[in-house]
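Structure first, commentary second.
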Amino acid sequence: LELCEMVGQTAAVLVGLCSVGVAAGPAPGTALGPGEKLPPGQSISSGNGHLVMQPSGTLAVCRDIDSTGTCTSEVLWTAPVPGGPVPSSFAFMAEYGCLEIRDTNNTRLWWTHTMTTADCDPTSTDCAFVVMQGDGNAVMHPGTLANPKTAVLWTSATHLVPKNAKNVLHLVVDDLRPAMKVAYKQEYMVTPAFDRLANEGLVFLRAYTGIAVCAPSRNSFMSGLRPDVTAIFNFNNHIREPGQPQIVTTPQQFRAAGWTVLGGGKTFHYNVPPYFDDIGPQGTWSAEVQPYFPFHEFVGSADMAFCPINATNLGGGIPGASMCVVDGDEAQLYDNRLMTHTVQTVQRVAADPTTPWYVMAGFRRPHRNFQVHRKYWNLYPDSTLFATAKHKTRTASQPLVAFHGAGFTLVNGSSYNGNPDLPWPTEIQQMARKGYAACVTQTDAYIGQVLDALDATGQANKTIVVLHSDHGWQLGEHGLWDKQTEFELATRVPLIIKVPWKTASIGQRTSAFAELVDLHPTLAALAGLPFTLPTALPPAVAARGTGADLSPLFDTPGAAVAKPGKNASFSQWPVCTRNASVMCMACTGRESSRVIIKAMGYSVRTDAFRYTVWLPLNTTLFVGDFTATPIAVELYDHRNSSLYDFDDDGECNNLAGEAEYSGVQAELHGLVERQYTWPTTWLAMSRQTMRNGQLNNDVQNGFYPYTGVLPVPP
């Protein structure tokens with residue numbers, strides 16, 4: 001059966017569905033019991049109602065439902081009683097993923113959107129229908145009610161995990177650039193655990209984020225959707241807010257298929273979405289097994305323990321120092337506690353060898369502040385021996401709109417402002433670089449203990465281990481610190497994936513392009529899950545707005561590309577100005593909304609060049625306006641750049657506008673425009689219910705714990 005590409009696995013529960021796409025249908029055995037809401041990835045809901053199975057065993061469309069899946073308000077449509085077929089109505093997917101249920105007179109009974117489009121042909125051979133059994137479960141057969149087939153394509157009665165299903169250990173490290181000794185040949189780094197993974201897995205030398213800041217990047221790689229698809233560019237909007245489609249996250253697709261899915265730390269950004277999406281049946285995690293291990297960053301939180309000013313202990317003084325060296329018990333550091341929790345979680349899930357598992361942990365350091373235990377600080381030489389960036393300022397050819405200013409505060413309260421034209425004093429740069437390196441080593445040590453725990457379970461040989469960051473980090477290159485740019489060092493990320501049964505990939509490196517948005521389909525393919533789109537999308541949006549399956553590279557790591565046409569990476573960055581000579585860094589803050597964004601930078605990195613164009617933002621659709629005159633353009637030649645050299649020589653001279661490169665510039669501009677130009681109807685429809693000027697209600701209602709008083713989870 002071929003089901004609608006626009007909805008992927010969600011099509012499994014549709015009554016009389018006709019295909020208009022080419023994606024493979026769902027695997028038989030997906031679980032659904034009477035009284036349950038349809039599993040994530042297979043439920044249909046919108047502002048018009050929810051398609052659920054009721055305790056009586058009938059499928060129904062209700063305006064509202066309770067936690068048991070029972071209709072609590074107006075019933076818009078219902079299937080017959082258990083055991084009966086559905087002879088008087090059918091459902092189909094119209095263009096743009098709109099589900100409609102109509103009767104045999106073609107009268108529309110219920111729909112997910114208030115738009116109408118051309119119907120698919122209900123007499124098509126690529127159809128399926130659902131009947132209710134006497135036990136209250138549903139069975140999906142191929143064909144039509146008039147011409148049924150006996151094969152069972154899907155049933156809610158049993159729950160069959162794919163044969164030989166694999167486990168996943170998913171490790172995310174905040175703000176980590178490819179600062180690893182073996183994987184990326186950074187010889188000064190002390191990273192034995194990362195080195196071990198590099199020797200056992202596949203190292204991606206050209207892996208990139210879609211947006212170089214924490215919350216938007218995490219909403220992107222956790223959802224499998226590019227930021228332009230969801231219009232999530234700040235620390236305020238998120239994938240679970242009203243107006244977003246129903247999205248199946250990267251771990252959630254495993255939960256829906258029968259895996260135990262547990263998490264902790266900074267996987268999502270804190271409270272974006274609220275409670276790290278640990279919200280029960282509709283959330284990412286198996287909350288019924290174990291609650292999420294949270295991370296809360298705010299003044300007074302033991303999780304954060306800001307580096308203090310004018311104090312010798314983490315609990316004293318005034319928060320605000322950019323770096324501090326900690327003595328005493330390592331358990332005072334959040335990442336140490338997360339490590340202990342993750343070790344215990346791996347041991348817990350491994351105790352049940354019959355159920356596959358997905359465990360995810362998000363480590364905080366080396367995010368600033370650089371809070372590091374002295375034992376790791378002492379593994380490096382005196383900071384005065386640390387080299388500083390080769391290119392410490394921007395060049396005259398580079399537009400100021402592409403830069404920002406990030407300062408540094410010492411424990412004595414002294415501060416240094418960020419300025420890409422005026423670098424920090426050398427000794428401050430050296431101290432910051434040592435602090436960053438020591439934090440990387442600290443996290444490496446904690447991850448090493450998690451890997452040891454996995455080995456001790458005896459399940460390492462059937463477990464995928466994936467390690468990456470949310471974005472890169474700049475350590476003084478071109479006068480930049482932190483992330484939040486379109487430059488190479490901000491957008492490039494480390495990515496190592498260990499798949500023990502893919503022997504051709506062990507200890508190998510690939511120079512094929514990879515993006516964090518690719519993790520959604522790649523991990524599913526490696527673990528044995530069928531293809532599933534993160535949400536209902538028209539084919540043109542799915543093709544450019546979701547990730548690519550990188551799994552073929554594990555059989556042929558020397559291949560130039562993971563799939564035909566994937567020979568570049570794309571990223572974007574919002575700014576609050578339309579002036580090429582003004583710096584802006586405030587558009588993504590926790591109190592920002594989409595309407596303060598004035599322009600969008602779109603960037604493409606190919607094997608030879610990086611091209612970035614800064615465009616005025618269409619403030620209704622939240623996309624860059626390619627019909628407008630660009631605010632600024634950048635073109636950098638990377639043909640002599642090394643994938644192991646972080647001097648960033650390739651991004652010093654902006655070649656945009658030079659006659660010699662006019663052909664290259666035009667070609668790359670076309671590539672960016674094709675990537676970020678979306679179907680007009682879909683774009684308008686997807687944006688119409690999104691927030692405009694108002695802040696996220698979750699923040700307003702106190703889900704973001706500014707006061708230090710945590711709300712009670714739902």
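Computed from a predicted structure; not experimentally measured.
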Can you tell me if [X] and [Y] form a side-chain donor-acceptor pair at under 3.5 Å?
{"X": "Thr267", "Y": "Tyr292", "answer": "yes"}
{"X": "Gln474", "Y": "Thr485", "answer": "yes"}
{"X": "Tyr602", "Y": "Glu486", "answer": "no"}
{"X": "Asp335", "Y": "Gln442", "answer": "no"}
{"X": "Thr409", "Y": "Ser415", "answer": "yes"}
{"X": "Thr230", "Y": "Gln244", "answer": "no"}
{"X": "His170", "Y": "His468", "answer": "yes"}
{"X": "Gln371", "Y": "Tyr334", "answer": "no"}

Open item on the list: Would you say the ring centers of Trp481 and Phe408 fall short of 6.0 Å from each other?
Closed with: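 No, the ring centres sit 6.0 Å or more apart.
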Closest approach of [X] and [Y], non-hydrogen atoms and distance?
{"X": "Ser220", "Y": "Pro227", "value": "OG-CD, 3.7 Å"}
{"X": "Tyr358", "Y": "Trp259", "value": "N-CD1, 4.1 Å"}
{"X": "Cys584", "Y": "His404", "value": "O-CB, 4.4 Å"}
{"X": "Tyr184", "Y": "Val493", "value": "OH-O, 4.3 Å"}
{"X": "Cys214", "Y": "Asp174", "value": "SG-OD1, 3.7 Å"}

Open item on the list: Once side chain to side chain contact (heavy atoms under 4.5 Å, CB included) is applied, do any residues pair with Ala198, and if so which ones, sequence neighbours excluded?
Closed with: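 Side chain to side chain contact (heavy atoms under 4.5 Å, CB included) list for Ala198, sorted by chain: Val182, Ala183, Val203, Ile496.
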Task: All side chain to side chain contact (heavy atoms under 4.5 Å, CB included) counterparts of Thr249, not counting sequence neighbours - done: Ile239, Arg240, Pro251, Gln252, Phe268, Asp277, Thr284
TODO: Step by step, work out the side chain to side chain contact (heavy atoms under 4.5 Å, CB included) result for Tyr416 and Leu410.
DONE: CA-CA 9 Å; Tyr416 300 87; Leu410 302 179; 4.1 Å; yes
Sequence-distant partners of [X], salt bridge (charged side-chain N to carboxylate O under 4.0 Å, His left out), two or more places apart:
{"X": "Asp444", "value": "none"}
{"X": "Arg492", "value": "none"}
{"X": "Glu515", "value": "Arg226, Lys566"}
{"X": "Arg348", "value": "none"}

TODO: Indicate yes or no: does Arg206 engage Glu488 in a salt bridge with an N to O separation below 4.0 Å.
DONE: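 Here Arg206 does not pair with Glu488 in a salt bridge, since their nearest N and O are not under 4.0 Å apart.
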Open item on the list: Under a 4.0 Å threshold between the charged nitrogen and the carboxylate oxygen, would Asp452 count as salt-bridged to Arg196?
Closed with: yes
TODO: Walk me through it: do Phe233 and Met600 pass the test side chain to side chain contact (heavy atoms under 4.5 Å, CB included)?
DONE: CA-CA 10 Å; Phe233 312 123; Met600 186 69 71; 3.8 Å; yes
- [ ] Could you point out which residue of Thr209, Asp470, Thr491, Asp175 forms a side-chain hydrogen bond (donor to acceptor under 3.5 Å, both in side chains) with Lys483?
- [x]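 Testing Lys483 for a side-chain hydrogen bond (donor to acceptor under 3.5 Å, both in side chains) against Thr209, Asp470, Thr491, Asp175 leaves exactly one candidate, Asp175.
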